[in-house]
Amino acid sequence: MCGTSAGTWDCSSYSSSAALQLGTPEAVRALVNGLARADVQVNTLRLADCNLTPEGGYALAEIIKDWHGIRHLDLRDNDLDDGAATALL
């Protein structure tokens with residue numbers, strides 16, 4: 001899967017012409033469902049500057065709560081509100 005290697009998924013591996021848009025819960029679910037089927041176990045999820053909205057943040061929190069392998073979650077430069085950020089803790 002493009003953007004996945006050695007347990008790390010990095011949204012910055014996408015070019016600006018194909019920017020990853022995580023503005024909807026459906027987009028977040030599609031991303032996480034795709035990663036769950038990847039050949040590599042993801043333990044680092046770099047979603048810095050991926051247009052993640054508060055709604056997407058809540059969806060991400062709900063979906064990854066049972067992922068015990070996530071050790072690093074980078075959400076810098078997104079449009080998360082305090083509630084979504086707290087839900088991701």
Side-chain angles (χ1 to χ4, degrees):
M1 171 179 274
C2 182
T4 305
S5 66
T8 298
W9 194 88
D10 190 347
C11 113
S12 68
S13 65
Y14 288 86
S15 70
S16 60
S17 62
L20 185 62
Q21 300 291 318
L22 295 177
T24 66
E26 293 79 17
V28 172
R29 285 186 193 97
L31 167 70
V32 174
N33 288 338
L35 291 174
R37 290 191 272 271
D39 292 338
V40 63
Q41 182 179 354
V42 175
N43 54 35
T44 298
L45 196 53
R46 294 186 181 138
L47 298 175
D49 198 25
C50 287
N51 302 308
L52 188 62
T53 64
E55 294 81 11
Y58 284 112
L60 181 62
E62 183 64 29
I63 294 166
I64 68 169
K65 69 181 177 185
D66 295 324
W67 279 19
H68 303 291
I70 295 287
R71 292 191 175 108
H72 181 78
L73 181 61
D74 183 355
L75 298 170
R76 289 174 289 135
D77 300 321
N78 282 290
D79 191 27
L80 297 175
D81 60 16
D82 290 341
T86 300
L88 286 157
L89 294 177

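In this structure, the side chain of D74 does not engage the main chain of L47 through any donor-acceptor pair within 3.5 Å. Between the side chain of D81 and the main chain of G83, a donor-acceptor pair closer than 3.5 Å is present.
Here the closest non-hydrogen pair linking P54 and A84 is O-CB, 3.7 Å. Across L52 and G56, no two heavy atoms sit closer than the pair CD1-C, 3.7 Å. Contact detail for A61 and A87: the closest heavy-atom pair is CB-O, 3.4 Å.
Separating the OG1 atom in T53 from the CG atom in N78 is a distance of 9.0 Å, to the nearest 0.5 Å. Rounded to the nearest 0.5 angstrom, N51 CG and D77 CG are separated by 10.5 Å. Distance CD/E55 to CG/L60: 13.0 Å, rounded to 0.5 Å.
The hydrophobic clustering, which links ILVMFWY residues whose side-chain heavy atoms are closer than 4.5 Å, places L73 and Y58 apart.
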